[in-house]
Amino acid sequence: MAAYLIRRLWQMIPTLVGVVLLVFFLFKTFGGDPAEILGGLNASAEQVDAIREQLGLNKPVWQQLWIFVQQIVTFDWGKSWATNEAVSALFASRLPATLTVMTPILLLDVLLAIPFALAVAYVRGSLTDRAIMVVTTIALSISFLVYVIVGQYLFAFRLGWFPVQGWSDSVWTNLAVYAPLPVLLAVMVGISPQTRLYRSFFLDEIGQDYVRTARAKGLTETRILLKHVLRNALIPILTNVAVALPGIFVGSFLIETFFSIPGLGREVLLAVNRSDYPVIQAVTIYIAVITMLVNLATDVLYKLADPRVVLK
């Protein structure tokens, strides 16, 4: 296992180098002139040149690339062009709010969808199964924006169960007061596709020979589902969770904007609107690194879920 982890970490280096070069040259080619963006329409040529020199944009490309690599290695991305706040400090202050909302969403999505899908697979082919599939199909066709508008109107405005917007400095207050509504709505959006997908995983396993053998041995359907089908279906479920993780982070952009949560997602949208390149570049690199680490962790979980898996 240790040799595999070292080999995988070593293999990440070329991928990361490719991402760094891609991000750097995309911003250089299509990002426009940051000095002109920061200077505004009324800036003189001298002011634009001064901004360009201050940002180091008048240096050769290879020096700018080296500075970018140093920023990645040292986690020092300089200061935000829009707020003049250190990017590392900005991330440290915004990350707790994002984790407070996105962690419960991820956990509830998985912990609710798996038993629900297993229960639907248990009654496969029945009227209940068909009715649930119809409901999940309808739920899939509704935009997340509709969930937000209806949820805020019903649960916040009409029933008064939750505040429409807000955030505090207390983690427990946020978890108890401000996070439940966005978490509830996000889980309502995510549980339908997850249920349909996990149900298909379980049905694929139910059709395997080992299930027929287990039935021939006299095992009950419940025991077969919980002991055999669930364990063998964990591999594609883990793959789906790993693929969905970056998407869940991107989904935080909308949630934090609609509910005025001061998290990373909202900050990234503001950075895009302001052409705040240091923040955008940092987020892009971090998402790439997180994606690679999640894939590595998923491979290790494969081995834990099924000892027959050989890590090479």
Side-chain angles (χ1 to χ4, degrees), residues 1-31 34 61-62 64-81 85-107 109-110 238-256 261-272 275-304 311-312:
M1 178 68 74
Y4 173 78
L5 292 175
I6 294 173
R7 187 167 59 252
R8 282 293 305 274
L9 290 172
W10 179 257
Q11 292 172 352
M12 289 180 186
I13 295 177
T15 304
L16 183 58
V17 170
V19 171
V20 170
L21 293 175
L22 181 62
V23 170
F24 178 79
F25 286 107
L26 279 177
F27 276 92
K28 290 293 294 182
T29 305
F30 302 105
V61 174
W62 68 269
Q64 296 182 44
L65 178 59
W66 176 242
I67 292 174
F68 185 44
V69 172
Q70 287 179 318
Q71 291 174 338
I72 296 172
V73 174
T74 61
F75 300 99
D76 182 6
W77 299 90
K79 294 184 177 181
S80 165
W81 293 352
E85 181 181 2
V87 175
S88 56
L90 187 148
F91 274 51
S93 63
R94 305 298 192 274
L95 183 59
T98 297
L99 293 179
T100 301
V101 176
M102 303 316 297
T103 302
I105 291 174
L106 175 63
L107 293 176
D109 264 348
V110 176
L238 287 173
T239 303
N240 178 71
V241 173
V243 172
L245 268 176
I248 290 176
F249 178 78
V250 174
S252 70
F253 297 1
L254 297 176
I255 294 175
E256 292 173 8
I261 298 172
L264 277 179
R266 185 163 172 257
E267 195 64 37
V268 170
L269 286 181
L270 292 175
V272 171
S275 298
D276 197 347
Y277 292 167
V279 175
I280 300 173
Q281 288 177 328
V283 168
T284 305
I285 296 299
Y286 282 147
I287 290 180
V289 172
I290 290 172
T291 301
M292 289 187 288
L293 292 177
V294 166
N295 289 335
L296 175 59
T298 304
D299 290 343
V300 175
L301 290 175
Y302 287 163
K303 182 67 175 179
L304 297 178
L311 299 177
K312 296 182 179 181

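Index from 1, following the sequence.
The shortest non-hydrogen separation linking Thr291 to Ile287 is OG1-O, 2.7 Å.
We find the CD1-CD1 distance between Ile72 and Ile67 to be 12.5 Å, quoted to the nearest 0.5 Å. With rounding to the nearest 0.5 Å, the separation of CD1 in Ile105 from CG in Leu99 is 11.5 Å. Atom CD of Glu256 sits about 7.0 Å away from atom CG of Leu264, to the nearest 0.5 Å. To the nearest 0.5 Å, atoms CD1 (Ile261) and CZ (Arg94) are separated by 13.5 Å.
Side chain of Ser93 to backbone of Leu90: a donor-acceptor contact under 3.5 angstrom is found. Using a distance-only test at 3.5 Å, with no hydrogens or angles considered, no donor-acceptor pair links the side chain of Thr98 to the main chain of Gly263.
For Phe91, the ring pair (Phe, Tyr, Trp, His ring centres under 6.0 Å) partners two or more places apart in sequence, or in a different chain, are Tyr286.
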- Step by step, would you call Leu106 with Val241 a side chain to side chain contact (heavy atoms under 4.5 Å, CB included)? CA-CA 9 Å; Leu106 175 63; Val241 173; 4.2 Å; yes

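Contact check for Phe68 versus Ile285: side-chain heavy atoms found under the 4.5 Å cut-off. Counting heavy atoms from C-beta on, the side chains of Thr15 and Met292 come closer than 4.5 Å.
With respect to Val19, the side chain to side chain contact (heavy atoms under 4.5 Å, CB included) criterion is satisfied by exactly one of Leu22, Val23, Val17, Leu21: Val23.
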